[in-house]
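Remarks on the structure that follows.
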Amino acid sequence: MPNPAPPTIETHDLTYTFPDRSNGVSHISLSLPPRSRTLLIGANGAGKTTLLRLLAGKRLAPRGTIALAGVDPFTSGLEGVTYLGLEWVLNAIVRTDIGVDELLRSVGGDAYPERRDELVSVLDIDTAWRMHAVSDGERRRVQLAMGLIRPWTVLLLDEITVDLDVWSRSQFLGFLRRETEARECTIVYATHILDNLAGWPTHLVHMHLGTVKEWGPAGEMLKRLDEEEEEGGQVLGEKGNSRLGELVLRWLRDDLQDRGPRSQHKRGPEGWSYLQHGIGGYGFEPKGPPS
Ligand SMILES: Nc1ncnc2c1ncn2[C@@H]1O[C@H](COP(=O)(O)OP(=O)(O)OP(=O)(O)O)[C@@H](O)[C@H]1O
């Protein structure tokens with residue numbers, strides 16, 4: 001039997017503290033295999049963007065805590081890593097009077113004509129558009145095509161599909177799935193929008209207060225939800241939620257109960273601390289961060 005391929009994304013006890021000494025992420029150890037599609041799940045402020053930016057090399061992680069395709073990206077470079085997040089979305093060029101063809105060419109479209117044409121088709125882009133005269137969702141589609149033309153080994157997506165209509169987003173997710181099936185590449189995607197994601201993720205990572213509370217193959221986590229519900233746990237959402245939607249609702253409800261109201265705590269270099277007054281009045285039992 002050949003050895004299994006090494007994980008594409010590995011973190012070892014990754015901890016990051018912001019320059020103002022507040023806690024970014026704490027003790028994160030993950031191992032995501034090649035061709036996996038991971039969803040980062042967590043409430044606002046859970047640390048998803050911080051983790052993605054660390055993986056993307058936008059923030060400097062302690063040496064030896066991150067390995068992408070087996071190498072430390074900070075000593076060996078970040079070739080093949082594409083990060084699409086807020087600063088990329090806000091790039092001013094896509095609001096100027098420039099044509100789509102020209103933009104796609106500027107990011108290597110001519111070097112990858114097949115990928116360019118597939119993305120134009122999947123994202124339903126009119127290459128005659130002028131970028132100052134398109135809608136937000138149309139602009140976002142062009143940006144996605146620009147970001148994805150060059151083949152990547154690791155794709156880090158910080159929710160950038162909010163402006164897409166439901167059909168375009170489902171086509172886009174299908175494209176990403178086909179990528180991981182056709183070649184050795186790996187995706188980590190932070191999102192709050194679970195539409196059309198049932199069956200998409202191979203792995204789930206549940207973040208809370210800068211830590212990873214649980215992670216693993218999506219199938220196993222959803223199976224556990226089924227078992228818990230069979231044992232009498234209630235269904236939280238409206239009927240018709242996907243199992244993934246139910247699982248995420250449950251996680252976020254528990255996280256809120258763990259954390260307590262925002263106004264009652266603050267996060268410092270040692271993690272979260274709770275102020276002394278008033279928490280009980282909200283009916284929460286603050287437990288502090290998970291160990
Ligand atoms: N530059 C910074 N300096 C200090 N604290 C920061 C900084 N950037 C983010 N934070 C804090 O770190 C925590 C995690 O933020 P992060 O953006 O990673 O959360 P998130 O899970 O991506 O949230 P959302 O779902 O709202 O995008 C938040 O409490 C935030 O206030």
Side-chain angles (χ1 to χ4, degrees), residues 9 11 13-30 32 37-62 65-66 81-90 136 140 143-144 147 154-164 169 187-195 197 200-201 203-215 221 244-245 247-275 279 284 286-290:
I9 298 175
T11 65
D13 200 23
L14 170 62
T15 293
Y16 176 79
T17 305
F18 286 111
D20 68 1
R21 298 194 65 237
S22 61
N23 181 45
V25 293
S26 308
H27 306 296
I28 293 186
S29 293
L30 292 171
L32 302 171
R37 298 179 297 275
T38 296
L39 284 189
L40 277 189
I41 302 287
N44 294 135
K48 303 179 297 296
T49 296
T50 307
L51 175 59
L52 285 175
R53 289 177 59 84
L54 283 161
L55 293 176
K58 304 276 178 198
R59 290 194 180 278
L60 188 58
T65 55
I66 297 179
V81 178
T82 291
Y83 168 71
L84 304 182
L86 188 63
E87 55 272 74
W88 170 83
V89 163
L90 295 178
D136 289 341
R140 191 56 56 88
Q143 286 182 301
L144 284 170
V154 173
L155 177 64
L156 305 167
L157 289 174
D158 205 350
E159 186 48 278
I160 32 72
T161 64
V162 278
D163 295 316
L164 294 191
R169 186 162 181 271
I187 301 172
V188 183
Y189 179 18
T191 185
H192 298 294
I193 308 171
L194 303 174
D195 296 355
L197 274 176
W200 189 88
H203 290 69
L204 300 176
V205 174
H206 171 189
M207 294 195 70
H208 179 51
L209 304 182
T211 65
V212 167
K213 224 173 164 181
E214 56 209 304
W215 70 278
M221 293 175 133
L244 178 63
L247 180 65
V248 170
L249 268 180
R250 186 175 284 240
W251 281 350
L252 298 198
R253 176 202 60 182
D254 293 348
D255 292 350
L256 180 62
Q257 287 178 352
D258 265 359
R259 192 200 68 207
R262 282 186 197 275
S263 57
Q264 303 298 322
H265 66 251
K266 61 192 171 87
R267 189 150 76 153
E270 282 79 42
W272 291 83
S273 63
Y274 291 89
L275 301 182
I279 294 175
F284 290 105
K287 298 177 195 148

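Source: prediction; values computed, not measured. All residue numbers refer to positions in the sequence shown, counting from 1. Only this structure's heavy atoms are used, side chains among them; waters, hydrogens and symmetry mates stay out. First listed ligand is number 1; within each ligand, the first listed atom is number 1.
Using a 4.0 Å cutoff on heavy atoms, Ala43 counts as a contact of ligand 1. Within the 4.0 Å heavy-atom shell around ligand 1 one finds His192.
The side chain to side chain contact (heavy atoms under 4.5 Å, CB included) test with Leu55 singles out one residue from Thr50, Leu30, Val81, Ile9, and that residue is Ile9.
Judged as a side chain to side chain contact (heavy atoms under 4.5 Å, CB included), and not counting sequence neighbours, the contacts of Thr15 are His27.
For the residue pair Leu252 and Gly42, the shortest heavy atom distance occurs at CD2-C, 3.8 Å. Summarising the geometry of Asp13 relative to Thr65, their closest heavy-atom pair is O-CG2, 4.1 Å, with the distance given to 0.1 Å. A pairwise comparison of heavy atoms in Asp258 and Lys213 identifies OD2-NZ, 3.0 Å as the closest pair.
Among Leu52, Asn44, Leu86, the residue whose heavy atom lies closest to atom 24 (P) of ligand 1 is Asn44. For atom 22 (O) of ligand 1, the choice among Thr49, Thr17, Leu40 with the nearest heavy atom turns out to be Thr49.
Between Gly47 and ligand 1, at least one pair of N/O atoms sits closer than 3.5 Å. Of the N or O atoms in Ala46, one or more lie within a sub-3.5 Å distance of an N or O in ligand 1. Annotation: Asn23 places no N or O atom under 3.5 Å from an N or O atom of ligand 1; distance criterion only.
If you look at Asp158 next to ligand 1, there are no close heavy atoms at all, none under 4.0 Å.
Listed by number with element, the atoms of ligand 1 under 4.0 angstrom from any heavy atom of Arg59 are 1 (N). Close contacts of ligand 1 with Thr50, meaning ligand atoms under 4.0 Å from a residue heavy atom, involve 14 (C), 15 (O), 16 (P), 18 (O). Below 4.0 Å from some heavy atom of Ser22 lie the following atoms of ligand 1, by number and element: 4 (C), 5 (N).
Atom NE2 in His192 sits 9.0 Å away from atom CD1 in Ile41 (nearest 0.5 Å).
Using bins of under 30°, 30° to 60° and over 60° for the plane-to-plane angle, the ring pair Trp251/His206 lands in the parallel bin.
Here the side chains of Leu209 and Asn23 are not in contact, with every heavy-atom distance at 4.5 Å or above.
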